[in-house]
Structure formats: C-alpha cells, structure tokens
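Notes for the one structure printed next.
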There are 2 protein chains.
Amino acid sequence: MTEITNNRFEHLLDLHHLKKTGPRLKVLAMMSAKNTATSQPDLEGLMEDVDRVTLYRILNVFEEKGIIHKIFDLNGTANYAICTSNCQEHLHHDEHLHFNCTVCNKVYCLNDLSLPAFNLPPGFKADGFTLYASGTCPQCSKK
Amino acid sequence: MTEITNNRFEHLLDLHHLKKTGPRLKVLAMMSAKNTATSQPDLEGLMEDVDRVTLYRILNVFEEKGIIHKIFDLNGTANYAICTSNCQEHLHHDEHLHFNCTVCNKVYCLNDLSLPAFNLPPGFKADGFTLYASGTCPQCSKK
DNA sequence: AAATTAAATGCATCATAGTTGCATTTGTGA
DNA sequence: TCACAAATGCAACTATGATGCATTTAATTT
Ligand SMILES: [Mn+2]
Ligand SMILES: [Mn+2]
Ligand SMILES: [Zn+2]
Ligand SMILES: [Zn+2]
C-alpha cells in the first residue's frame with residue numbers, strides 16, 4: 001500500500017465527514033488490495049486486532065455513504081467491494097455483473113459489463129438492478 | 001387447497017422418492033398459496049407445530065431435488081419459491097427476474113421474463129444467471 | 001394384517017452473523 | 001490544549017442455520 005493510496009482513502013473519509021481512524025483505513029486497505037469482493041468472515045479474520053462490532057459498524061456506515069457496496073454470494077454470505085464511482089448516500093449504482101465462482105467462491109465485480117435492456121411487467125417500478133452469474137472464474141478454469 | 005392440488009404435491013414427492021409426510025405437504029401448501037416467494041422466517045411462523053430443524057431439512061432436500069429454489073432478498077434473508085419446471089437434482093433453471101419490493105419486501109419470481117443475452121469477459125465460464133431488480137411492486141405502487 | 005426397516009422427525013446443543021446499550025477512548029475543530 | 005461529538009470496545013442478546021442422536025413413522029415385505 002503506497003502513501004498515495006493511503007492519502008486517497010483519507011481523502012475519501014474526509015469527503016464523507018468520517019473520522020480518519022486506524023480501523024477504517026485498514027478496512028479500505030484490505031478491500032482495495034484484492035481484485036475481488038471481500039467476505040465479512042474474511043474481513044473479520046484480516047482485522048484481528050479490531051473488535052467485531054466495530055467492523056460491522058464500519059461496513060454499515062461505508063455502505064450508507066456509498067463508499068462500498070454489499071453483495072450476497074450463493075451461500076447468502078455478505079461480501080463487500082469498494083464502489084467505483086457515482087455512488088452516494090443511500091443511492092448505489094452497482095448495476096454491473098456480479099460473478100460468483102462456484103469453485104473458489106470469489107465474487108467478482110465486473111464493472112465494465114453493463115446490463116442489457118429489458119422491460120418489466122406492468123405495475124413494477126424498478127430503481128435498481130443487479131445481474132448475477134455463477135460458474136468458473138479464470139483462475140479456476142485454468143486448472 | 002383442493003384435493004387435486006394436494007394430490008399434485010403427493011405425486012411430486014413420489015417422483016423424487018420422498019416420503020409423503022405432513023410437514024412436507026404443509027410446506028408445499030403454504031408456498032403454493034402465495035404468488036410471491038416465502039421467507040424462511042415467515043415459513044417458520046406458518047409451521048408452528050413443526051420443529052425448526054425439520055423445516056430447514058425439508059427446505060434443503062426440496063432445493064437439492066429441484067422442487068423449490070432459494071432467493072436471497074436485499075437483506076440477505078432466504079426466500080423460497082416452488083420451481084416451475086425444468087429443475088432437477090443439483091441443476092436449477094431459475095434464470096428469470098427476481099423482483100424485490102423495497103416497501104413490502106416481497107420477492108416476485110417473474111418467470112416469463114427471460115434474460116437478455118450478453119457476453120462475459122474472457123476466462124469466465126458461466127452456468128447460471130439471475131437478474132435482480134429492486135423497486136416498488138404493483139400493490140405498493142397503487143397506494 | 002403384522003412385522004420390518006430406512007427415512008423422517010424432534011430435541012438438545014452448538015456455531016456464526018449481526019445488533020444494541022453503555023462506558024471509555026480518540027479525532028478534530030475551536 | 002481543551003471540549004465534545006464521534007468512534008471504539010466490551011458484554012449481552014437475537015436470529016439463522018447445522019449436527020448428533022434417540023424416537024417415530026411411512027412404505028415395503030412377509
Ligand atoms: Mn459490485
Ligand atoms: Mn425464482
Ligand atoms: Zn474461482
Ligand atoms: Zn410491495
């Protein structure tokens with residue numbers, strides 16, 4: 001983790017009027033170090049020194065502010081990923097494909113893959129979409 | 001619940017080599033009486049006389065056999081719906097839209113709405129898809 | 001119809017995810 | 001450096017889900 005990256009996170013916390021604390025910066029560092037979403041159990045393991053409750057509160061406030069978004073995998077486990085952009089308080093735009101590998105269980109945010117258009121039956125008014133795919137990821141396909 | 005409907009469920013259990021028991025028939029009756037998916041907590045409330053563990057085991061075996069499928073709502077709560085067709089042991093085809101109302105929290109299986117085509121990045125091999133939408137359902141829109 | 005047996009249920013117990021209240025600590029702005 | 005709101009830690013609690021084992025029951029066989 002570079003100095004510049006760390007500054008970016010401090011700036012991000014400033015933007016949302018959140019105090020720049022050790023646990024919060026660590027959560028952001030852990031999540032940004034990977035190219036997949038991080039599960040709550042994994043995160044809890046990585047944050048040994050931090051209280052479980054504190055972690056839950058950090059994840060909740062980050063999600064509310066639009067810093068991270070939450071994805072449930074095939075087992076219903078909560079996974080978190082840093083939002084790329086355009087997300088604000090109580091208004092997420094994570095309308096991209098979420099790929100859940102059935103071998104390694106990783107969740108990929110495929111941000112570049114925007115959703116194809118489709119129409120809803122009468123009466124339904126949608127304000128958010130997510131497309132899920134399950135299968136084998138590149139790493140697991142190779143073996 | 002008609003005699004014919006009940007016979008249909010008994011036949012369904014026969015098909016999958018499952019014993020026709022009270023709790024199992026009751027689960028099927030409860031789920032088929034609604035036009036939306038049923039959450040595990042709701043189901044637990046409806047099945048007062050049946051042990052919690054028995055309910056979990058019924059839901060698991062029904063899902064394995066392809067009788068029902070599991071949908072996690074926006075809160076990560078498990079919801080279950082009877083499969084329409086084409087589902088078999090360990091191979092579900094619930095590749096339709098799941099609409100989660102943010103007001104009443106109901107989950108609708110919009111079976112008729114099949115997914116538009118799209119392509120995955122190289123290396124990803126998908127074998128299952130689900131499209132989620134959240135917003136306001138017809139009932140909740142009216143008010 | 002009675003006996004047999006594998007399958008299903010119930011009960012006790014445990015594990016993990018997530019929440020709430022409250023005391024203590026700490027970051028930040030004055 | 002002081003004051004205070006914000007954040008953390010700790011204890012306790014709820015809910016979801018799983019596992020082991022004894023008991024019951026549906027379905028088959030005699
Ligand atoms: Mn995502
Ligand atoms: Mn469905
Ligand atoms: Zn994988
Ligand atoms: Zn609704």
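Every chain is numbered from 1 and lettered A, B, ... according to where its sequence line falls, protein lines coming before strand lines.
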* To do: Calculate, to the nearest 0.5 Å, the distance between atoms CG and CZ belonging to B/L97 and B/F129 respectively.
  => 15.0 Å
* Looking at every strand, decide which applies to A/R57 at a 4.0 Å heavy-atom threshold: base, sugar-phosphate, or nothing. => base
* Grab the CG-C1' distance between B/L25 and D/dA26 for me, whole Å please. => 12 Å
* Asked: How close or far is atom P of C/dG27 from atom NE2 of A/H16, stated in whole angstroms?
  -> 21 Å
* Evaluation steps, ring pair (Phe, Tyr, Trp, His ring centres under 6.0 Å), between B/F62 and B/Y80 -> CA-CA 10 Å; B/F62 280 7; B/Y80 297 90; 9.7 Å; no
* Asked: So A/Y132 and A/H98, would you call those rings parallel, tilted or perpendicular, with 30° and 60° as cut-offs?
  -> tilted
* **B/N75 side-chain N/O to C/dG18 phosphate OP1/OP2 under 4.0 Å** => no
* Asked: How close or far is atom P of D/dG9 from atom CZ of A/R52, stated in whole angstroms?
  -> 13 Å
* To do: Can you figure out which of C/dT28, D/dA26, C/dT9 approaches the side chain of B/K19 most closely?
  => D/dA26
* Interatomic distance, B/D14 atom CG to B/E10 atom CD [nearest 0.5 angstrom] -> 7.5 Å
* To do: Using only side-chain N and O atoms of A/T54, determine if any of them is under 4.0 Å from OP1 or OP2 of D/dG9.
  => yes
* Touch class at under 4.0 angstrom, heavy-atom based, for B/R24 against every strand present -> sugar-phosphate
* Give the rounded distance in Å between these two atoms: CD of A/E64 and P of D/dA7. => 11 Å
* Does a salt bridge link B/D49 with B/K26, judged by any charged N lying under 4.0 Å from a carboxylate O? -> yes
* Go through residues 44-51 of chain A and report each residue with a non-hydrogen atom lying under 4.0 Å from DNA chain D, sorted by number. => A/V50, A/D51
* Consider only side-chain N and O atoms of A/Y56 and A/Q40, and report whether a donor and an acceptor are under 3.5 Å apart. => yes
* Expressed in angstrom and rounded to an integer, what is the separation of A/K26 atom NZ from D/dG9 atom C1'? -> 15 Å
* Would a 4.5 Å heavy-atom cut-off, applied to side chains only, mark A/S39 and A/N105 as touching? -> no
* To do: For D/dA18, take OP1 and OP2 only and decide whether either is under 4.0 Å from a side-chain N or O of B/Y56.
  => no
* To do: Please state whether the phosphate of D/dA18, meaning OP1 or OP2, lies under 4.0 angstrom from any side-chain nitrogen or oxygen of B/N60.
  => yes
* Asked: Counting just side-chain N and O atoms, does B/T21 come under 4.0 Å of either OP1 or OP2 of C/dT9?
  -> yes
